[in-house]
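Have a look at the structure below, then the notes.
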Amino acid sequence: MSQVLVASNRGPVSFSLSDDGGLTLRRGGGGLVSGLAAVTGAPRDPGPPRPAGTAAEPSAGGADVLWVCASLGEADRTAARRSPDGRLDLAGYETGGAAVRMLDIPAATFDRAYNRVANSTLWFVHHLLYDTPRNPHFDARARRDWQSYEAYNAAFADALARDAARGAKAAIQDYHLSLAPRMLRDRRPDLKIVHFSHTPWAPPEYFRLLPDDIGTQILLGILGADHAGFLTERWASAFLDCCELLPGARVDRVARTVSCSGHTTRVGVHGLGVDGTALRQRAAEQDVVDRARALREQVGDRKLIVRIDRTELSKNIVRGLAAYRELLVNHPEWRGRVVHLAFAYPSRHDLPEYREYTAAVRRMAEQISDEFGTADWDPLILQVNDDYPRSLAAYGLADVLLVNPIRDGMNLVAKEGPVLSRHGCALVLSREAGAAAELCEDALMVNPYDVSQTAEALRQALLMPSARRAERCARLAGAATALPPQRWFADQLAALD
Ligand code: G6P
């Protein structure tokens, strides 16, 4: 029985299967792992990876924490089946000191809940991604997918209800699990429940694209929690706007509470930044140093504009590349003097929209290289693969960091870049990223749809005198590290007291 439970779709580790049926463990990592370390007392740097099943030191004490996550593929499902009750033997390793239970959710149910509902519907709604004359299209198939989403949420609620100690705290993460808070409250009214949204929240007129009963279930699901957390005021306020349209709900904008059927949910804002110490330590390792040297050799002493994203529709990579192209068209003096590094690591490629978007990114990149490239100058280096040390190396070298999402819950690239920048980078930042609320004073702010404005901001960033750039970058790094994951997570739990 655990005193603190965390639930998220993606867990801190995942597995792959070798030909002989053996399982290899891969690290997950991320902000939640560092956040948990504050609660469990686990070391911040968990050490090098080790093969699955080998023992590690138990965590240094603190609360007894269980992390419940979904099996994301066949290897995860095999690992879950081989472990008693799906509880993995990972004590103290790469999980922030939490024990991990991976749920063995049937592949078809998982696919419909994760790909169809969470990523193709709720993600699109909260990030305003639909091409509305054609989509969304809620038909009988969408109803069937919704039932899978309900079953997926119920599997989490069952696991949490079974493993929670009396009066325990449960921290349920993100849009994959918007029904789980209410389902868990129905099963275990003694628990204290927080739901946290890592995404933006849609404005009511866009949220209403969802079928009425589904929209209502989502709001009521989150309102099953005692506390609903958001990354910025703007997203919290949009959630309250949507709750105002919910029949029977009473919204108090001053106290920031929503009361419904005798239960009150408090709405809070918990910003998330980076753990500066851990990030700098990681960036000092040899693999990052080697990649930095290789990049420098490749680009020479030219200025560097860097972007790092998942190949994700909301990241607005195509317009970012178009802005770079416009810079080269309108200001030929920059030709040969600047290189754009665009590192995009593959994401959600089970969805055709994501595959098509990645192809569009490649097409635009090829066009730019073809139009401007010369024998001794490649204007653009696009790499679509996952190389974390290379990304850290690029942060260190960037003169300009471009972060121009259409909409983003927070965006940690905008925060990691200034922390790792060696000589101070200028940040060109979309006003629609959650990070804008904290970084707007020292970033060059842009409307992500305005390609010409973005091109001009890139030029201003390249022209910024180095002393000014370093000063602004230092302030950006300060703001980026002011709310480390440890504090973010501890705040969520404290909000339940
Ligand atoms: C966003 C979501 C996370 C999600 C991540 C990666 O940041 O808020 O919940 O884990 O994207 O997406 P993926 O679908 O690969 O887990």
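All values below come from the heavy atoms of this structure, side chains included, with hydrogens, waters and symmetry mates left out. Counting convention: from 1, in listed order, for ligands and their atoms alike.
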Main-chain N/O of Leu103 paired with Ser71 side-chain donor or acceptor, under 3.5 Å: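 Pair found, side chain donor or acceptor close to backbone of Leu103.
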Check: Asp104 main-chain N/O paired with Arg77 side-chain donor or acceptor under 3.5 Å: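 No.
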Would you say [X] and ligand 1 have an N/O pair spaced under 3.5 Å apart?
| X | answer |
| --- | --- |
| Asp174 | yes |
| Tyr114 | yes |
| Arg10 | yes |
| Arg348 | yes |

Any His176 heavy atom less than 4.0 Å from ligand 1: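 It does, in that a heavy atom of His176 comes within the 4.0 Å cut-off of ligand 1.
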Sub-4.0 Å heavy-atom approach of Glu312 to ligand 1: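 No, Glu312 has no heavy atoms under 4.0 Å from ligand 1.
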In terms of ring plane angle, is the pair [X] and [Y] parallel, tilted or perpendicular, where the classes change at 30° and 60°?
| X | Y | result |
| --- | --- | --- |
| Trp123 | Tyr175 | tilted |
| Tyr130 | Tyr206 | parallel |
| Tyr149 | Tyr152 | parallel |

Side chains of Asn385 and Arg390, donor plus acceptor under 3.5 Å: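 Short answer, yes.
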Check: Tyr388/Asp287 side-chain N/O donor and acceptor closer than 3.5 Å: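 No, no side-chain donor-acceptor pair sits under 3.5 Å.
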Ligand 1 atoms in contact with His198 (distance to a heavy atom under 4.0 Å):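 Those qualifying, in numeric order: 8 (O).
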Atom 8 (O) of ligand 1 within contact range, any protein heavy atom under 4.0 Å: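 It does; a protein heavy atom is within 4.0 Å.
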Ligand 1 versus Trp123: contacting region, heavy-atom distance under 4.0 Å: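 Trp123 to ligand 1: side-chain contact only, backbone stays beyond 4.0 Å.
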